[in-house]
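Atom set for the values below is all heavy atoms of this structure, side chains included, hydrogens, waters and symmetry mates excluded.
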Amino acid sequence: SSVLLLTDVAGVLDAELLSVTVNGTPQVPLVSAPAGSRTIRGPLSGTYTVGSGGNYTTLTSAVSDLTFLGMTGPVTFELTSPMYSSSTGEVFPITIQSIPGLNASRTLPIKPQNAVTAHIVDSVSSALFIVDNAKYVTFDGRWSVADTGRNMIVENKTLNTTANVFIFRNEATRGTVRNTVIRFAANNTSTVPSNGAIFVGGTSNLIGVGNDSLTFIYNTLAPSNGFYYGTAIAFVGQSLTQQNDWATIDSNWFYGHRIFGVYVASTNSGNGRQFLIRGNSFYDPVAVAPLALYYSGVVFLDEIQVVA
């Protein structure tokens with residue numbers, strides 16, 4: 001037989017069963033105090049350190065817990081170690097999916113702890129991070145809101161032409177990447193990009209609205225290990241009715257792209273209104289023969305509405 005214990009309190013549960021009555025007859029269990037205990041865990045809220053000796057040793061485990069447990073307040077993952085890679089236990093891609101409780105007042109920043117420069121690095125053919133149907137996720141390289149530094153490096157070193165660093169897809173709205181050094185080496189020289197250092201795709205939600213209100217601001221996008229890359233930021237989208245709208249690409253530094261610094265596909269391919277693109281700087285583009293005309297800073301197709 002078994003006994004079901006119900007609790008709404010997070011903590012360690014250690015129970016004993018001294019007696020039980022079955023059909024009016026008292027029974028004494030053979031084992032009244034089994035060894036061990038069970039940890040009862042509730043939703044997350046607050047700041048959690050991630051790294052050696054932290055609340056979590058890896059971002060992979062932190063994101064997995066948050067996805068399973070949900071959140072009752074804002075959650076911040078603070079990176080305390082200098083390196084995060086497969087050699088330190090990470091499993092890429094780290095996919096951030098729909099999280100119970102995540103909303104405009106319960107956001108998820110991932111950032112370095114004060115005085116730490118965190119380097120997230122590996123060679124992955126897909127992406128290091130995939131934000132998939134999750135809202136209000138922020139990758140923030142600042143130590144504090146008053147900081148202007150770029151204290152987080154996210155680097156995908158592979159030369160695989162399908163690779164990305166960040167992917168946003170399937171209604172990934174109001175996400176942000178800011179004050180981050182993004183290093184990339186995938187040299188896809190197609191003039192219709194299917195990947196990028198930051199790649200914004202389409203949605204599998206048939207009644208969805210797209211990946212709206214994304215913000216990429218104060219980042220540095222640069223080659224990895226000296227290998228120039230094809231496209232830095234690509235908005236590809238999906239369809240005329242499920243468009244990516246209201247994007248902001250502001251005050252970024254682009255170094256060493258071969259094809260496009262920023263590429264926004266046509267409205268029929270899923271990109272729509274109000275793209276705010278301003279204050280960006282483009283350095284050292286490298287033309288690829290015979291595509292010498294294609295090392296462009298910003299490219300829009302069709303009638304994308306730009307606010308600048």
Side-chain angles (χ1 to χ4, degrees), residues 44-51 54-56 58-60 62-63 65-67 71 73-85 90 92-97 99 101-121 127-132 134-156 164-168 172-184 197-200 211-222 232-233 246-254 276 278-280:
L44 303 187
S45 179
T47 297
Y48 298 83
T49 53
V50 180
N55 299 116
Y56 296 95
T58 65
L59 263 173
T60 304
V63 169
D65 250 17
L66 183 62
T67 303
M71 55 202 297
V75 170
T76 299
F77 288 147
E78 280 199 348
L79 309 180
T80 61
S81 295
M83 180 73 70
Y84 298 81
S85 68
E90 300 294 351
F92 295 108
I94 296 174
T95 300
I96 303 174
Q97 297 176 309
I99 297 170
L102 184 63
N103 57 37
S105 62
R106 300 172 183 171
T107 57
L108 174 61
I110 298 172
K111 62 180 291 297
Q113 194 175 64
N114 188 39
V116 173
T117 299
H119 190 182
I120 304 167
V121 57
L128 295 185
F129 292 98
I130 300 175
V131 182
D132 187 334
K135 301 172 175 58
Y136 302 102
V137 177
T138 296
F139 299 89
D140 189 346
R142 299 175 298 171
W143 290 330
S144 69
V145 294
D147 185 19
T148 59
R150 296 173 174 88
N151 306 303
M152 184 164 65
I153 304 165
V154 186
E155 180 175 11
N156 194 350
N164 311 265
V165 181
F166 296 96
I167 293 176
F168 292 82
T173 62
R174 300 194 180 279
T176 300
V177 182
R178 65 169 300 153
N179 293 80
T180 297
V181 177
I182 303 167
R183 294 192 176 276
F184 188 49
I198 300 176
F199 183 79
V200 182
N211 305 290
D212 290 349
S213 301
L214 298 176
T215 299
F216 309 129
I217 186 170
Y218 302 130
N219 301 294
T220 297
L221 297 100
I233 298 177
W246 303 98
T248 298
I249 304 171
D250 188 358
S251 301
N252 301 284
W253 294 353
F254 296 81
L276 172 59
R278 67 182 180 189
N280 298 285

(message) Test side-chain contact (heavy atoms from CB on, under 4.5 Å) on Thr138 and Thr107; report intermediate values, then the result.
(response) CA-CA 8 Å; Thr138 296; Thr107 57; 6.0 Å; no
(request) In sequence, state the C-alpha distance, the side-chain angles, and the governing distance for Val121 and Ser85, and then conclude on side-chain contact (heavy atoms from CB on, under 4.5 Å). (result) CA-CA 5 Å; Val121 57; Ser85 68; 4.3 Å; yes
(request) Output the distance between atom OG (Ser81) and atom CD (Gln113), rounded to the nearest 0.5 Å. (result) 9.5 Å
(message) Rounded to the nearest 0.5 Å, what separates atom CG in Asn156 from atom CD1 in Ile182?
(response) 11.5 Å
(message) Rounded at 0.5 Å granularity, tell me how far CG in Asp132 sits from CG in Asn211.
(response) 9.0 Å
(message) Filter on salt bridge (charged side-chain N to carboxylate O under 4.0 Å, His left out), then keep only pairs touching residues 102-117, sequence neighbours left out; what's left?
(response) Glu78-Lys111
(request) Answer yes if the ring centres of Phe216 and Phe168 are under 6.0 angstrom apart, and no otherwise. (result) yes
(message) Taking salt bridge (Lys or Arg N to Asp or Glu O under 4.0 Å) as the definition, give me every residue that meets it alongside Glu155, ordered by chain and number, with sequence neighbours left out.
(response) none
(request) List the steps, then state whether side chain to side chain donor-acceptor pair (under 3.5 Å) holds for Thr60 with Glu90. (result) CA-CA 6 Å; Thr60 304; Glu90 300 294 351; 2.6 Å; yes
(request) With the side chain counted from C-beta on, respond yes when Thr76 and Pro109 share a heavy-atom pair under 4.5 Å apart, and no when they do not. (result) yes
(message) List the residues meeting side chain to side chain donor-acceptor pair (under 3.5 Å) with Asn252, not counting sequence neighbours, and say none if there are none.
(response) Asn219, Asn280
(request) Under the side-chain contact (heavy atoms from CB on, under 4.5 Å) rule, what do Val50 and Ile110 come out as? Steps first, then yes or no, please. (result) CA-CA 10 Å; Val50 180; Ile110 298 172; over 6 Å; no
(request) For Ser105, check side-chain contact (heavy atoms from CB on, under 4.5 Å) against everything at least two apart and list the hits. (result) Asn103
(request) Not counting sequence neighbours, which residues clear salt bridge (Lys or Arg N to Asp or Glu O under 4.0 Å) with Arg174? List them please. (result) none
(request) Could you tell me which residues satisfy side chain to side chain donor-acceptor pair (under 3.5 Å) with Thr80, sequence neighbours excluded, listed by chain and number? (result) none
(message) Just verifying a value: how many Å separate Ile94 CD1 and Phe92 CZ, rounded to the nearest 0.5 Å?
(response) 4.5 Å
(request) With rounding to the nearest 0.5 Å, note down the distance linking CG in Leu108 to CD1 in Ile96. (result) 5.5 Å
(request) Using side-chain contact (heavy atoms from CB on, under 4.5 Å) as the criterion, list what pairs up with Thr215, not counting sequence neighbours. (result) Thr176, Ile217, Thr248
(request) Tell me, please, which residues at least two apart from Asp250 pass salt bridge (Lys or Arg N to Asp or Glu O under 4.0 Å). (result) Arg278
(request) Would you please name every residue forming a ring pair (Phe, Tyr, Trp, His ring centres under 6.0 Å) with Phe139, sequence neighbours left out? (result) Phe129, Phe166
(request) Over all heavy atoms of both residues, which pair between Trp143 and Ala115 is shortest? Give the atoms and the distance, please. (result) CE2-N, 3.4 Å
(message) If the condition is side-chain contact (heavy atoms from CB on, under 4.5 Å), which residues does Ala232 pass it with, not counting sequence neighbours?
(response) Leu221, Tyr229, Phe254
(message) Pair Ile120, Leu79 - check side-chain contact (heavy atoms from CB on, under 4.5 Å), show working.
(response) CA-CA 10 Å; Ile120 304 167; Leu79 309 180; 4.0 Å; yes
(request) With sequence neighbours left out, write down each residue that passes side-chain contact (heavy atoms from CB on, under 4.5 Å) with Asn179, or none if nothing qualifies. (result) Asp140, Arg142, Arg150, Tyr218
(message) Within this structure, what is the CG-CG distance for the pair Leu102 and Leu66, rounded to the nearest 0.5 Å?
(response) 7.5 Å
(request) Under the salt bridge (Lys or Arg N to Asp or Glu O under 4.0 Å) rule, collect the residues that match up with Asp212, sequence neighbours excluded. (result) none
